[in-house]
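To start, the structure itself, in structure tokens.
What you are looking at is a predicted structure, and each value in this text was computed from that prediction instead of being measured. Quick note: residue numbers are just sequence positions, from 1. Side chains included, hydrogens not; waters and symmetry mates left out as well; all remaining heavy atoms used.
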Amino acid sequence: MQGRVEHLCAECEVRLVEKTEMADELRGRLAPLWDRLQVDAVDRSDFLARHAGCTASVISLLEKEVERLEEIRRQNIGTFILSARQEIHLLWDQCQFGSQQRQTFRPAYS
């Protein structure tokens with residue numbers, strides 16, 4: 001009987017680790033989406049405070065938020081590409097890249 005209980009405890013620990021990792025991965029995916037979409041820091045903190053932990057319902061809500069933000073990003077992809085190109089140009093300016101160095105990075109111009 002004790003061996004069975006230990007086995008169940010071990011299974012529960014594995015599940016907890018898996019769910020914690022899944023929730024952490026989803027939260028990690030939220031941060032760059034929030035950055036790109038310029039979501040207010042207060043809204044971010046509020047969302048994370050309301051969705052702490054790693055229960056099935058929290059993971060589901062985190063997945064829905066990631067999906068929602070990715071859909072918004074897809075709808076505004078042209079704006080994001082323009083913004084990314086502007087960021088690249090600013091970095092090039094800060095690094096004092098010349099026109100030849102800039103030309104080698106084709107995605108900035110296509």
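For E25, there are no side chain to side chain donor-acceptor pair (under 3.5 Å) partners two or more places apart in sequence or in a different chain. The side chain to side chain donor-acceptor pair (under 3.5 Å) test applied to D46 returns R50, not counting sequence neighbours. Shown here are the salt bridge (Lys or Arg N to Asp or Glu O under 4.0 Å) partners of E70, two or more places apart in sequence or in another chain: R29. For T55, the side chain to side chain donor-acceptor pair (under 3.5 Å) partners are S57, not counting sequence neighbours. Applying the ring-ring contact (aromatic ring centres under 6.0 Å, His included) criterion to F80, with sequence neighbours excluded, gives no partner residue.
Sorted by first and then second residue, the pairs that involve residues 72-81 and meet salt bridge (Lys or Arg N to Asp or Glu O under 4.0 Å), not counting sequence neighbours, are E71-R74.
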Hey, can you pull the donor-acceptor pairs under 3.5 Å for the side chains in residues 30-39, sequence neighbours left out?
from : atom 1 : to  : atom 2 : distance (Å)
D35  : OD1    : R44 : NH1    : 2.7
D35  : OD1    : R44 : NH2    : 2.9
R36  : NH1    : E87 : OE2    : 2.8

In a table with atom names and distances, give each donor-acceptor pair under 3.5 Å that connects a side chain of residues 93-101 to protein atoms at least two apart or in another chain.
from : atom 1 : to   : atom 2 : distance (Å)
D93  : OD1    : R102 : NH1    : 3.3
D93  : OD1    : R102 : NH2    : 2.5
Q101 : OE1    : G98  : N      : 2.9

Please list, one pair per line, the donor and acceptor atoms closer than 3.5 Å that link side chains of residues 3-17 to other protein atoms, with sequence neighbours excluded.
from : atom 1 : to  : atom 2 : distance (Å)
H7   : NE2    : E11 : OE2    : 2.5

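Side-chain atoms of V58 and R27, non-hydrogen and from C-beta on, do get closer than 4.5 Å to each other. Using a 4.5 Å cut-off on side-chain heavy atoms (C-beta onward), F47 and V42 make no contact.
A single hydrophobic cluster is seen to contain both I59 and V66, as judged by linkage of ILVMFWY side chains at heavy-atom distances under 4.5 Å, directly or through other members.
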